[in-house]
Engineer: 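The structure under discussion is supplied below as structure tokens; questions concerning it will follow.
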Number of protein chains: 2
Amino acid sequence: MDEAAPQKGTVTQRAIEEIKAMIAEGRLEPGQRLPTERDLAARLGISRSSMREAIRALTVLGVLEARHGSGIYVTALEAGDLLETFGVVADLSRGPRLVELLEVRRILESTATALAAARISDSRLAAVEKHLTAMNATDDPEEILAHDLAFHREIAAAAGNETMAAILEGLSSRTFRARVWRGYQEEGAFARTRREHAAIHRALVARDPEAARAAAASHVGEVEEWLRGQLGP
Amino acid sequence: MDEAAPQKGTVTQRAIEEIKAMIAEGRLEPGQRLPTERDLAARLGISRSSMREAIRALTVLGVLEARHGSGIYVTALEAGDLLETFGVVADLSRGPRLVELLEVRRILESTATALAAARISDSRLAAVEKHLTAMNATDDPEEILAHDLAFHREIAAAAGNETMAAILEGLSSRTFRARVWRGYQEEGAFARTRREHAAIHRALVARDPEAARAAAASHVGEVEEWLRGQLGP
DNA sequence: ACCAGCGGAGTGGTCCGACCACTACGGCGC
DNA sequence: GCGCCGTAGTGGTCGGACCACTCCGCTGGT
């Protein structure tokens, strides 16, 4: 009955909510240092072990950062910090869920590319071009993949929405791309990939959002369709 | 037994990666039960405390589920399980990042609504209608919000992409909506919201994807613009 | 006066052992 | 055969000890 100060679930869970609330309410600013583990534990009346579990959980979520010997700090709370865990989703997903993730990526990537076409700066466009040529100049799959990722990363950054860029980054996490990519490229899709990348680049140079959207959607859609085919039969 | 290998970072981090790898490689299936904390700790040659921190972290990420007195289990690894942490991002974001999140929502929600227009079943359409009328039949903001959330949730579910639905769910988490909603509706936006919801519903009934896309984009876009205005001047 | 080096205080990281709270299961009594 | 109950085993919590690292002020030399 006394809902005032009951123990909801585990004490660790309570500690997590407590710290989250402190940040949400502005009692803790990004970059600020927290009291020591021992202090925090004492304040909430729990053991240091339980408090450590709470801190560790928030560390993994990208909310806190523990510096050995120095203290615990709130991260900058940038999109990248918080959405890093998105990569875990991509890494652990399989089967139909992979297709769904690619569908989400197709939607976001096409929009991001369209925005980039309208906003991209000349210097950034040069960076995109650099990765495009580097990608076509080598046969090492590992290197190609790296430039492929950088190619799309530059475009996402040019769209001007850090949150979207962070999500796309997670959807292109190394292991995710590696798993899908390997099989896809084994079927001689290199040439097609090159054409698609070239098309995206042309649309960016032409500052043509709709062409960029179509090219990006088609690019991701090709992989999506291939993967869908892998699952069915 | 003794891994002469170098210890990358903390032992807890290593344990987290280890368990994640077990799942990614299929050594652990969804729903399967893990060895006991004491066992796992012994296998990796670390203390139970450190192993507990690893398990807690993965629990918060929605990868594992600990049942007191029973054991530790891998979750179903459904989109909802893994993307629950997405709500944390929404809750801790502020200022410009809120606008970015709304922009992402606008993109996904408009596409989801378009897909729903083409695929929605009659029974689900009836559910959407139910929430629409219930939303218009009350003046309690709390109740309106609840039906508003359910309205969009039904539509997202009808789009047939669980991953997208889970992301949208996170972007509409209670505290997120509550924070933005409150200010927005204070300015007498109820009438406008009703019109927009009605427009979305009409497009669904007409099975018109493009109309649905436009209506949804406009709906979210209105809030987005309002919020953008709140920040600037 | 200045600066390099050292050392100690304080922090997070790890480990241990004990106990509590809860669940599951099998045996006991009816 | 059924249901109750005890017990073994599990995760949850606690307190303390020690280690590894960082930071900063002090010391000693120049």
Side-chain angles (χ1 to χ4, degrees), chain A residues 2 5-20 22-23 28-76 81, chain B residues 1-20 22-23 28 30-76 81:
Chain A
D2 44 313
Q7 47 188 30
K8 320 169 190 174
T10 70
V11 292
T12 302
Q13 195 60 37
R14 210 184 58 199
I16 293 176
E17 301 298 336
E18 194 71 28
I19 296 178
K20 264 177 30 184
M22 283 192 211
I23 298 175
L28 284 176
E29 294 291 326
Q32 186 176 340
R33 187 188 151 167
L34 277 72
T36 68
E37 294 179 344
R38 296 165 172 86
D39 260 11
L40 284 170
R43 290 194 198 190
L44 296 189
I46 67 179
S47 73
R48 191 186 161 206
S49 314
S50 301
M51 178 54 74
R52 271 191 61 78
E53 287 185 20
I55 293 171
R56 171 73 66 176
L58 289 170
T59 298
V60 170
L61 284 182
V63 176
L64 299 181
E65 178 191 1
R67 300 180 202 160
H68 192 169
S70 173
I72 308 166
Y73 301 78
V74 181
T75 66
D81 300 323
Chain B
M1 290 287 264
D2 44 337
E3 281 283 311
Q7 49 188 53
K8 332 166 188 176
T10 69
V11 291
T12 302
Q13 195 60 38
R14 212 184 57 199
I16 293 176
E17 300 300 333
E18 194 71 30
I19 296 179
K20 262 177 32 183
M22 283 193 211
I23 298 176
L28 284 177
Q32 185 176 339
R33 185 188 152 169
L34 278 71
T36 69
E37 294 179 345
R38 294 163 174 90
D39 258 12
L40 284 170
R43 289 192 199 190
L44 296 188
I46 67 179
S47 73
R48 192 189 159 202
S49 313
S50 301
M51 178 54 74
R52 272 190 59 78
E53 287 186 20
I55 293 171
R56 171 72 65 175
L58 289 170
T59 298
V60 171
L61 284 181
V63 175
L64 299 182
E65 178 191 2
R67 301 182 202 160
H68 192 171
S70 173
I72 307 167
Y73 301 79
V74 182
T75 66
D81 300 324

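In what follows, chains carry the letters A, B, and so on, assigned in the order in which the sequence lines appear, proteins first and then strands, with residues in each chain numbered from 1.
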Engineer: Do you know which two heavy atoms are closest between Met51(A) and Ala15(A), and how far apart they sit?
Structural biologist: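 That closest heavy-atom pairing would be CE-CB, 4.2 Å.
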Engineer: If each of Arg38(A) and Arg33(B) is mapped to the nucleotide of DNA chain D with the nearest heavy atom, which maps nearer the 5' terminus, i.e. the 5' end?
Structural biologist: Arg33(B)
Engineer: For Val60(A) versus Ala57(B), what's the shortest heavy-atom pair and its separation?
Structural biologist: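 Heavy-atom minimum between the residues: CG2-CB, 3.6 Å.
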Engineer: Taking for each residue the nucleotide of DNA chain C bearing the nearest heavy atom, is the 5' side occupied by Glu53(B) or by Arg48(B)?
Structural biologist: Glu53(B)
Engineer: Grab the two heavy atoms, one from Ser50(B) and one from Val11(B), that are nearest each other, plus how far apart they are.
Structural biologist: OG-CG2, 3.8 Å
Engineer: Is Lys20(B) salt-bridged to Glu17(B), cutoff N-O under 4.0 Å?
Structural biologist: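 Yes, charged N to carboxylate O under 4.0 Å.
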Engineer: Whole angstroms only, please: what is the CD-P distance between Glu65(B) and dG12(D)?
Structural biologist: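 Roughly 11 Å, once rounded to whole Å.
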Engineer: Flag the pair Ile46(B) / Glu18(B) as yes when at least one side-chain heavy-atom distance between them is below 4.5 Å, and no otherwise.
Structural biologist: no
Engineer: Provide, to the nearest angstrom, the distance between the CD1 atom belonging to Ile55(B) and the C1' atom belonging to dT10(D).
Structural biologist: 11 Å
Engineer: Under 4.0 Å, counting only non-hydrogen atoms across every strand here, what does Ile72(A) touch: a base, just sugar-phosphate, or nothing?
Structural biologist: sugar-phosphate
Engineer: In whole Å, what is the span from the CE atom of Met51(A) to the C1' atom of dC14(D)?
Structural biologist: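 My rounded result for the distance is 14 Å.
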Engineer: So which protein nitrogen or oxygen atoms get under 3.5 Å of nucleotides 20-25 of chain D's nitrogens or oxygens?
Structural biologist:
{"residue": "dA20(D)", "atom": "N3", "partner": "His68(A)", "partner atom": "NE2", "Å": "2.9"}

Engineer: Where do Pro30(B) and Val74(B) come nearest, in terms of heavy atoms and distance?
Structural biologist: CA-CG1, 3.8 Å
Engineer: First and last nucleotide of DNA chain C in contact with chain A, 5' to 3', at under 4.0 Å to a heavy atom: what are they?
Structural biologist: dG10(C) to dT14(C)
Engineer: Looking at every heavy atom in both Pro35(B) and Arg43(B), which two are closest together, and how far apart are they?
Structural biologist: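 The pair with the smallest heavy-atom distance is CG-NH2, 3.6 Å.
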Engineer: Taking all heavy atoms of Ile23(A) and all of Val63(A), pick out the closest pair and write down the distance.
Structural biologist: CD1-CG1, 3.4 Å
Engineer: What's Ser49(A) touching, base or sugar-phosphate or nothing? Going by heavy atoms closer than 4.0 Å.
Structural biologist: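 Base contact.
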